[in-house]
Amino acid sequence: MEGLVPVQRLPVRVASPSLYRCSNVSVSIRRSLSGFAMDKRIRFTAPSSQFSIRAQQSDLKESLAVSSSSIEDKGNALRIKEWEVEMYQNELAVSQGIRIRRKPPSKAPLGYSGPFELRLHNNDDADSPRNILEEITWYKDVEVSRMKELNPLEELKKTVENAPPTRDFVGALRMAQKRTGLPGLIAEVKKASPSRGILKENFDPVEIAQAYEKGGAACLSVLTDQKYFQGGFENLEAIRNAGVKCPLLCKEFVVDPWQIYYARTKGADAVLLIAAVLTDLEITYLLKICKKLGLAALVEVHDEREMGRVLGIEGIELVGINNRSLETFQVDISNTKNLLEGEHGRQICEKDMIVVGESGLFTPDDIAYVQAAGVRAVLVGESIVKQSDPEKGIAGLFGRNISHT
Ligand SMILES: O=P(O)(O)OC[C@@H](O)[C@@H](O)c1c[nH]c2ccccc12
């Protein structure tokens, strides 16, 4: 099997034989090697295994001995292609009304001439994120690249094969609604957020999760983002290992399929997909992966356009309407009502989708308001996590005890 090598991430150790892992049978060289400059591409023959290539020092040297100028030409041609693909993907996202850019815009490779030439002069605001969601998204891209190196996809796939089955997230919401006559509660284990700062100082995720379960939550949402929400995958894992029975939503900013596998290995039963960040095609693809792994997907929208897009995608069971803009932090619970009025609301009923009202819900009146608008579940963090007794916080939120006992 042959591999042509993209140039970013994998470190090359020259001193000893190294094992390279990658999905397309490709390996990259980052540092200079035996006098060859950075960014040289190598082509070499790999053994039969599909995802790992054992490359000896001698293989590398041999490969690099191949005429370097032709390699360089090919390398640049490939870089130009890769860059163009990125630009096309950006265009596609923009055509779907997606404002979030997935990465800081990169400059065209040297010597580029092609359809995006004119665009390049238009790039002044280039390298700082325009809002918090964009900032988080850019950071995720870097973070995920790093995490992938520590936990290669192939290993995750093996772990997933032996993982216990997932729990029925959607079923739990439906049941809770039947049982209480109120929207099923997804209670969020949330220490902090960029908009509200620290919500709970002495934060014990397992204790909070157990209190939520006792209080009658149907499902739990666990923030796993560390940098902006002070969450972590270790919280998800700890809650699952502590014997909590509620299905768990991994609350993460998903930009890469790898994250879905990772979430599954850490005990998630569902993941969040944010329509403001992902194109229709990406959502479709990620949904397929979720299905394959037995995970539910909560697809989150914030405006009419995103709702329209999501309604056009097959196989979505759970739609979240976020009352908070992740771009401006503004919260307005009438957003839920507005998005459920008219044609969109009709289609949602027709498809028997479950709508989750998300964010900014504090009182029984708020719950009644979004329920009247048509939601069958709610996602609540701040108002219950802040209480000294989150179990009682749930009763306060709904205006009555909704626990099983
Ligand atoms: O704490 P609140 O206002 O009850 O909100 C909970 C939840 O809706 C919010 O945390 C949330 C909704 N969608 C998100 C996406 C990413 C991070 C966080 C969120």
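Every number for a ligand or one of its atoms is a count from 1 in the order of the listing. What you see below is based on every heavy atom in this structure, not just the backbone, and it leaves out hydrogens, waters and symmetry mates.
- Not a single heavy atom of S383 sits under 4.0 Å from any atom of ligand 1.
- Seen from the ring of F229, K190 does not count as a face-on cation partner, given the 6.0 Å and 45° thresholds.
- Proximity of L272 to ligand 1 is established by a heavy-atom distance of less than 4.0 Å.
- No side-chain donor-acceptor contact under 3.5 Å links E252 and Y262.
- Between F229 and ligand 1, not a single N/O pair is under 3.5 Å apart.
- Seen from the ring of Y261, K157 counts as a face-on cation partner, given the 6.0 Å and 45° thresholds.
- Ligand 1 places these atoms under 4.0 Å from at least one heavy atom of V380: 4 (O).
- Ligand 1 has a nitrogen or oxygen under 3.5 angstrom from a nitrogen or oxygen of G381.
- Residue-ligand proximity: R196 is placed with every non-hydrogen atom at 4.0 Å or more from ligand 1.
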task = List the steps, then state whether salt bridge (Lys or Arg N to Asp or Glu O under 4.0 Å) holds for K140 with D225.
result = CA-CA 9 Å; K140 273 300 150 197; D225 175 79; 2.8 Å; yes

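- No hydrogens or angles considered: a donor-acceptor pair under 3.5 Å links the side chains of E282 and T279.
- No side-chain N or O of Q230 forms a donor-acceptor pair with one of Q226 less than 3.5 Å apart.
- Annotation: K190 places an N or O atom under 3.5 Å from an N or O atom of ligand 1; distance criterion only.
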